[in-house]
Amino acid sequence: MKVLGFESSCDETGVALVETHADGAPRLLAEALHTQMQMQAAYGGVVPELASRDHIRRVLPLTRTVLAQAGCTLADVDVVAYTRGPGLAGALLVGAGVAVALAAALGKPALGIHHLEGHLLSPFLGDEAPSFPFLALLVSGGHTQLMHVEGVGRYALLGETIDDAAGEAFDKSAKLLGLGYPGGPALARLAAFGNPKAYALPRPLLHSGNLDFSFAGLKTAVMTQHRKLGSNVCDQDRADLAASTQAAIVDVLVAKSLKALQRSGLKRLVVAGGVGANQHLRDQLNAGAAKQGARVFYPPLALCTDNGAMIALAAALRLQHGLAVLQTDGAFDVRPRWPLADVSGDVAATKVGRGTGFAGP
Ligand code: KG4
Ligand code: ZN
């Protein structure tokens with residue numbers, strides 16, 4: 001069975017074709033991506049209307065590329081999957097509209113997928129897939145969550161950010177330092193030349209006893225520090241501040257992930273979402289987990305940020321596990337705000353042990 005997947009929740013148009021096998025993990029046949037990063041950089045962030053218009057321009061040429069790469073035609077597609085949410089409403093509507101129209105024209109079913117489920121399952125596109133159950137650290141521009149993943153469609157939230165997401169902390173700090181959008185990769189590049197101990201920035205909620213995160217205060221601390229440096233700021237100061245900022249964000253992400261591993265007794269940690277591309281985070285997590293006898297799994301680097309492959313894959317896995325609610329009537333909606341708990345099955349959908357630490361599902 002072949003699943004064509006569309007991702008258009010924010011500023012990346014992704015299309016991919018995945019094939020399911022009765023006796024193993026789904027296989028990625030082809031994928032294509034267009035990022036609006038350069039276009040949106042001129043505005044210092046994502047302008048939703050521009051994002052939607054660009055998705056319209058890109059989605060069909062990308063689909064043709066994917067089918068050509070896979071040596072397939074539309075007639076070979078069995079199911080058309082798309083990101084139903086969360087994300088920008090207009091951007092989501094483009095992918096959903098194209099997917100559902102295509103499915104109707106082909107006489108095939110369509111399937112709406114939760115964007116975060118795509119990220120969560122994306123390590124299954126890597127060379128070595130983790131086995132269930134595992135712990136997942138989801139770190140993107142809009143989300144920072146620790147999840148207990150029992151199986152496909154069985155997710156329990158252990159902790160999450162109470163304000164900014166980790167990616168937002170990278171992006172906002174980078175903006176303060178005069179770096180481009182998206183800030184994460186730019187800040188990480190500058191940080192490589194700096195001293196992470198140069199500035200004592202806060203590690204919010206580090207010792208809170210629970211698995212929640214908070215990054216809004218960090219941004220204020222970076223702003224204060226940047227102001228103190230004033231107009232005399234030199235390149236080394238900026239690199240030092242970048243390195244100190246990255247260290248503060250990573251320290252908290254690592255400490256909470258290791259705590260969650262310890263409390264749950266799980267030995268596998270999956271890291272997904274754009275911030276998962278950060279090398280300092282990877283180094284720290286790998287070292288910390290190894291000390292606990294645990295292993296960290298990542299999607300291939302190119303699939304850390306938004307892409308169509310993770311959407312086609314999540315759809316394929318749902319189909320394999322009998323968890324897909326297929327649409328055949330041409331009707332659809334999008335869910336710009338959509339808790340992952342809404343697509344979670346028999347693991348407690350609500351947060352486990354809030355405020356008191358994780359007691360184990
Ligand atoms: O998962 P993603 O592509 O989109 C969302 O669903 O949000 O994540 C984008 C986020 C942005 O905040 C970006 O700055 C961050 O991931 N990011 C990074 C790196 N690459 C992307 N942050 C830190 N270091 C990186 N290397
Ligand atoms: Zn994402």
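These numbers come from the heavy atoms of this one structure, side chains and all, not from hydrogens, waters or symmetry mates. As the structure lists them, so they are numbered: ligands from 1, and atoms in each ligand from 1.
- Linking Ile, Leu, Val, Met, Phe, Trp and Tyr residues whenever their side-chain heavy atoms come within less than 4.5 Å places L74 and Y82 in a single cluster.
- Taking distance alone, with nitrogen or oxygen atoms compared against 3.5 Å, E168 stays at or beyond that limit from ligand 1.
- Considering backbone and side-chain atoms together, A188 places no N or O closer than 3.5 Å to any N or O of ligand 1.
- At a cut-off of 2.8 Å, H115 is counted among the residues with an N, O or S atom near the Zn ion (ligand 2).
- Of the heavy atoms in Q279, none comes closer than 4.0 Å to ligand 1.
- The shortest N or O to N or O distance between G273 and ligand 1 is not under 3.5 Å.
- At a 4.0 Å heavy-atom cut-off, ligand 1 touches T305 through backbone and side chain alike.
- Distances from the Zn ion (ligand 2) to each N, O or S atom of D306 single out OD1 as the nearest.
- Heavy-atom contacts of H119 reach the following atoms of ligand 1: 1 (O), 6 (O) (cutoff under 4.0 Å).
- Using a 4.0 Å cut-off between heavy atoms, H143 makes no contact with ligand 1 at all.
- The Zn ion (ligand 2) has no N, O or S atom of C10 under 2.8 Å away, backbone or side chain.
- Close contacts of ligand 1 with G141, meaning ligand atoms under 4.0 Å from a residue heavy atom, involve 5 (C), 7 (O), 8 (O), 9 (C), 10 (C), 12 (O).
- The atom of H119 nearest to the Zn ion (ligand 2) is NE2, with the search restricted to N, O or S atoms.
- In this structure a side-chain-to-backbone donor-acceptor pair under 3.5 Å is present from Q36 to A51.
- Taken to the nearest 0.5 Å, the NZ atom of K256 stands 5.0 Å off from the CG atom of L205.
- Partner of V15 under the side chain to side chain contact (heavy atoms under 4.5 Å, CB included) criterion, out of L67, T63, L33: T63 alone.
- Annotation for ligand 1: atoms under 4.0 Å from non-hydrogen atoms of G167 are 12 (O).
- Residue contact check: G142 has heavy atoms under 4.0 Å from atoms 7 (O) of ligand 1.
- Follow the hydrophobic side-chain contacts under 4.5 Å out from V343 and you reach L317 in the same cluster.
- Looking at D306 and H119, their side chains do bring a donor and an acceptor atom within 3.5 Å of each other.
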